[in-house]
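Everything on this sheet refers to the single structure shown next.
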Amino acid sequence: MICDYEGSDYKARFWQNADRAYEDAVERVAIAKFLPPTGKRIIEIGAGFGRLGEMYRGYDEIILLDYSRSLLDQAREMWGHDPRFKFVAASVYELPFVPGVINTALMIRVMHHMADVPAALHQIRQMMAANGTFILEFANKRNLKAMARYALGKQAWSPYTPEPVEFVKLNYDFHPQWMGEQLKQAGFVTQQCIPVSYLRAGVLKRTLPLNMMVGVDKTLQGFAPLLAPSVFSRNQIPGGPDASALTGEAIFCSPKSGAPLRRDGDMLICDADGTRWRVDGNFYDFKEAG
Ligand SMILES: C[S@@+](CC[C@H](N)C(=O)[O-])C[C@H]1O[C@@H](n2cnc3c(N)ncnc32)[C@H](O)[C@@H]1O
């Protein structure tokens, strides 16, 4: 089951018409801390409308992947002028990449929509090159607000137990230890986890200056315990293939079978499994076989 943002007004509703400058700024601080500043090929999984695109400017090739074609169209409007960008419509559960072609991957504000975390992590691990970096943000169930609400009897679920909580359909909060275990089982080596967005509260955002909030959050990211609503983790790929020297469309394979693709007009065709995938310039549509 996928949380489908097709046709949604996510950009306007969640970012432009809402007071989220603090969240946006502190997430950029966390990413800048973890992101190798330069590299060959980077992908953001669930990139939406391309909010974070400029953070990837040190990379030779930048792939923005999302399940929503309409959000990716917005991303293409923002970044399509830069020939280093590719836009890929696909699900994280069926990634269209040859094993080992990705050096750096990020998934920000997406894991909370995953009903099957092990399946998503397995797919991500498969496409990563040896010594690559995977930066994951996830929503933390063991946060101060949830702890207070639970203590006051205003919340039924415990923030301390390991299992994920689905607080709204297809919206999950995770315990950091549980997520750490999933990452380990998928073959990632977690190097560091940091708490982000400690000051996410309407009253603080209305009263304190933004630069002060961001400064405090940056300091807390350095030493505070993982009790903020958001956690960023940096994970290393310990081994496996490194196929990151592949270029152009050779990085893609059929998301159904993993078999090779060949170009025919505006389609990528898989002779082995019979699937056909539409290409429009720098936009690759692996959402539904044509
Ligand atoms: C809350 S938005 C975050 C967008 C972006 N990461 C950001 O922080 O601005 C969640 C995004 O995840 C995407 N998404 C949800 N499930 C997905 C899946 N199975 N595969 C790929 N993308 C998915 C949605 O289409 C949406 O763009």
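In each ligand, atom 1 is the first atom listed, and ligand 1 is the first ligand listed. Nothing here was measured: the structure is a model prediction, and the numbers come from that model.
Checking V117, N140, V231 one by one against F174, the side-chain contact (heavy atoms from CB on, under 4.5 Å) holds for a single residue, V117.
Of the N or O atoms in D66, one or more lie within a sub-3.5 Å distance of an N or O in ligand 1. Taking only nitrogen or oxygen atoms, main chain and side chain alike, S91 reaches within less than 3.5 Å of ligand 1. In terms of polar-atom proximity, L52 is not counted as a contact of ligand 1, lacking any N or O under 3.5 Å from an N or O of the ligand. Between I108 and ligand 1, an N or O atom pair is found at a separation short of 3.5 Å. Checked against a 3.5 angstrom limit, the closest N/O atoms of F49 and ligand 1 fall outside it.
Among H113, M114, E137, the residue whose heavy atom lies closest to atom 17 (C) of ligand 1 is M114. When R51, Q74, Q123, E23 are checked for heavy-atom proximity to atom 7 (C) of ligand 1, R51 turns out nearest.
Cluster annotation: F252 is connected to M127 through the hydrophobic network of ILVMFWY side chains, with a link wherever side-chain heavy atoms come within less than 4.5 Å.
Taken from CG in L226 to CG in N143, the straight-line distance is 11.5 Å, to the nearest 0.5 Å.
The atoms of ligand 1 that sit less than 4.0 Å from any heavy atom of C3 are 15 (C), 16 (N).
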What's the verdict on salt bridge (charged side-chain N to carboxylate O under 4.0 Å, His left out) for E23 and R200, showing C-alpha distance, side-chain angles and the deciding distance? CA-CA 7 Å; E23 285 86 345; R200 187 186 293 170; 3.8 Å; yes
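No more than 12 heavy atoms of other residues, nucleotides or ligands lie within 6.0 Å of NZ in K218, so this atom counts as exposed by the packing criterion.
Using a 4.5 Å cut-off on side-chain heavy atoms (C-beta onward), Y198 and V196 make no contact.
Here E44 has side-chain heavy atoms under 4.0 Å from ligand 1, and that is the only part of it that gets that close.
A salt bridge between D24 and R20 is absent, with no side-chain N of the basic residue lying under 4.0 Å from a carboxylate O of the acidic one.
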